[in-house]
Amino acid sequence: MAAMVEIRDARKVYDGGFEALKGVTLDIEEGEILALLGPNGAGKTTLISCICGIAVPSSGEIRVGGHDVVREYRAARALVGLVPQEVNLEPFETVWNTVRFTRGVFGRPRDDAHLEDILRRLSLWDKRSSKINALSGGMKRRVLIAKALSHDPQVLFLDEPTAGVDVELRRDMWQIVAGLKEAGVTIILTTHYIEEAEAIADRVGVINGGRLLLVEEKAALMTRMGRKELRIDLHDRLDTVPPELAEFDLALEDGGRTLVYSYDTAAERTGISRLVAAMAEAGIVLRDLRTSQNSLEDIFVGLVHDGEDAA
Ligand SMILES: Nc1ncnc2c1ncn2[C@@H]1O[C@H](COP(=O)(O)OP(=O)(O)O)[C@@H](O)[C@H]1O
Ligand SMILES: [Mg+2]
């Protein structure tokens, strides 16, 4: 079956000549959560705008549910819910009317019970009669999500949904996203919080300078690119790494009290048992061992930097 969202060599050149997307190709499968990671100006919002029909790609092809986003705009757009990066709500409208109106725009029949359910899930039901301008920033974000869900989209785009929100709302948001996935909604979120991708995504795409640097299963990405550190606390301080241990490329830290061994988690042999044996041979007494795995954050920073070096 074709992917829910198909992007083929999408390019976007803005008026003035700036090329914000330099040929992006990507398939997004039904029911998955894809996190698009990238620094400010990477092209995340541009890509989403092209998929949602807010911006027109300069070349390439984008389909949602099999519908071309330019030639079959209405059919494609009807499948999509968008939570924009910027709050764009009518300040004097009530929460209830805001959400009801959006459903109407998409030509869906009135369904108050359904809207009530959405508002309840987003903890907005008590605020349904409040005017938008009386709401906190976090509540406004919830309204944006309610709006985006009002017409039962099959694909939901969240453009930096948790930028500048408090920790509590961020956790709520993650839960809401998980619930939507359960209901079969395909979700694409952009973020520059790596922690967020790590917490909720099935797949991670990294975008920088208008190019998709990689897309991969989160778990596989972390295993493939992940390195682990083994930190070995020593009984006696060392001045230098003994020559017998040279092949392990160890670092000496904490004033000579800790040896740090860095190894590849994907390698067949980590070399740990050889290292421990070599240390015993050299007469070095261990006090403690700890391992730590580097995070998606380290991987991401490494990738984006490599990209800059290549540019
Ligand atoms: N309407 C526009 N006209 C010209 N340049 C734009 C426009 N919108 C965005 N850009 C530029 O395109 C690049 C990508 O922007 P954007 O897609 O908003 O990035 P992100 O969402 O990843 O921060 C940026 O350099 C930005 O300045
Ligand atoms: Mg953006």
Side-chain angles (χ1 to χ4, degrees), residues 1-15 20-21 24-36 43-90 93 95 97-111 114-115 117-119 121-122 132 140-161 176-177 180-181 183-190 205 207 212:
M1 211 189 77
M4 185 55 116
V5 180
E6 300 161 85
I7 306 166
R8 292 285 169 278
D9 199 24
R11 290 170 194 274
K12 176 67 186 176
V13 182
Y14 280 113
D15 296 343
L21 294 179
V24 172
T25 295
L26 173 65
D27 277 344
I28 302 161
E29 301 299 330
E30 183 170 357
E32 76 168 329
I33 302 182
L34 174 78
L36 272 178
K44 303 182 296 296
T45 297
T46 301
L47 180 59
I48 286 189
S49 302
C50 288
I51 304 170
C52 297
I54 291 167
V56 179
S58 309
S59 67
E61 213 177 332
I62 304 178
R63 293 172 169 273
V64 178
H67 303 291
D68 185 281
V69 296
V70 180
R71 287 192 301 274
E72 302 161 85
Y73 167 78
R74 288 184 67 87
R77 187 63 182 90
L79 299 176
V80 167
L82 169 65
V83 179
Q85 187 169 2
E86 306 291 340
V87 175
N88 58 352
L89 300 166
E90 206 51 62
E93 201 49 271
V95 169
N97 283 341
T98 300
V99 176
R100 211 187 53 164
F101 178 72
T102 304
R103 185 173 167 91
V105 166
F106 283 93
R108 302 299 307 268
R110 186 168 167 170
D111 185 346
H114 179 58
L115 294 187
D117 180 53
I118 291 174
L119 292 185
R121 268 194 286 152
L122 290 162
I132 298 294
K140 285 182 190 144
R141 291 226 164 247
R142 288 173 193 261
V143 175
L144 289 177
I145 299 180
K147 243 171 82 95
L149 292 176
S150 66
H151 62 105
D152 309 314
Q154 293 181 33
V155 189
L156 182 66
F157 290 88
L158 297 138
D159 198 359
E160 311 232 7
I176 292 164
V177 168
L180 290 168
K181 181 190 157 78
V185 179
T186 305
I187 295 157
I188 294 96
L189 75 133
T190 72
I207 182 168
L212 198 59

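Rounding to the nearest 0.5 Å gives a distance of 10.0 Å between CD1 of Ile188 and CD1 of Ile33. Atom CZ of Phe157 and atom CG of Leu47 lie 8.0 Å apart (nearest 0.5 Å). In this structure, the separation between OG1 on Thr102 and NZ on Lys147 is 3.5 Å, given to the nearest 0.5 Å. Rounding to the nearest 0.5 Å gives a distance of 8.5 Å between CD1 of Ile145 and CZ of Arg141. Separation of atoms CZ (Arg63) and CZ (Arg8) is listed at 9.5 Å; rounding is to 0.5 Å. Residue Arg110 holds its CZ atom at 4.5 Å from CZ of Arg100, rounded to the nearest 0.5 Å.
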Report task. List the steps, then state whether side chain to side chain contact (heavy atoms under 4.5 Å, CB included) holds for Val155 with Ile28. Result -> CA-CA 10 Å; Val155 189; Ile28 302 161; over 6 Å; no
Query - Thr25 vs Asp9, side chain to side chain donor-acceptor pair (under 3.5 Å): CA-CA, chis, key distance, verdict - result: CA-CA 5 Å; Thr25 295; Asp9 199 24; 4.9 Å; no
Query raised in the report: Taking it one step at a time, do Val70 and Ile62 satisfy side chain to side chain contact (heavy atoms under 4.5 Å, CB included)?
Result: CA-CA 8 Å; Val70 180; Ile62 304 178; over 6 Å; no
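Closest approach of Leu180 to Arg121, counting heavy atoms only: CD2-NH1, 3.7 Å. Contact record, Leu149 with Ile118: O-CD1, 3.5 Å, taken as the closest heavy-atom pair. For the pair Ile51 and Val69, the tightest heavy-atom approach, listed with the atom from each and the gap, is O-CG1, 3.3 Å. Residues Leu115 and Arg103 come closest through the heavy atom pair CD2-CD, 4.1 Å. Taking every heavy atom of both residues into account, Arg77 and Cys52 meet most closely at CD-O, 3.1 Å. Of all non-hydrogen atoms in Ala20 and Tyr14, the two that sit nearest each other are CB-CE1, 3.5 Å.
Between the Lys181 side chain and the Gly31 main chain, a donor and an acceptor come within less than 3.5 Å of each other.
No side-chain heavy atom of Pro57 sits under 4.5 Å from any side-chain heavy atom of Lys12. Side-chain atoms of Leu82 and Ile54, non-hydrogen and from C-beta on, do get closer than 4.5 Å to each other. For the pair Asn97 and Glu90, the minimum side-chain heavy-atom distance is 4.5 Å or more. Put simply, the side chain of Met4 does not reach to within 4.5 Å of the side chain of Glu32, judged on heavy atoms. Contact check for Val185 versus Pro153: no side-chain heavy atoms found under the 4.5 Å cut-off. Proximity of Ser150 to His114: side-chain heavy atoms (C-beta onward) are nowhere separated by under 4.5 Å. Looking at heavy atoms from C-beta onward, Val143 lies out of side-chain contact with Leu122 at the 4.5 angstrom threshold. Looking only at side-chain heavy atoms (C-beta outward), Lys140 and Ile132 come within less than 4.5 Å of each other.
Of the listed residues (Leu158, Ile48, Asp159), just one forms a side chain to side chain contact (heavy atoms under 4.5 Å, CB included) with Gln85, and that residue is Asp159.
Look at Glu61 and Arg71 and you find a salt bridge, because one of the NZ, NE, NH1 or NH2 atoms lies within 4.0 Å of a carboxylate O, short of that distance.
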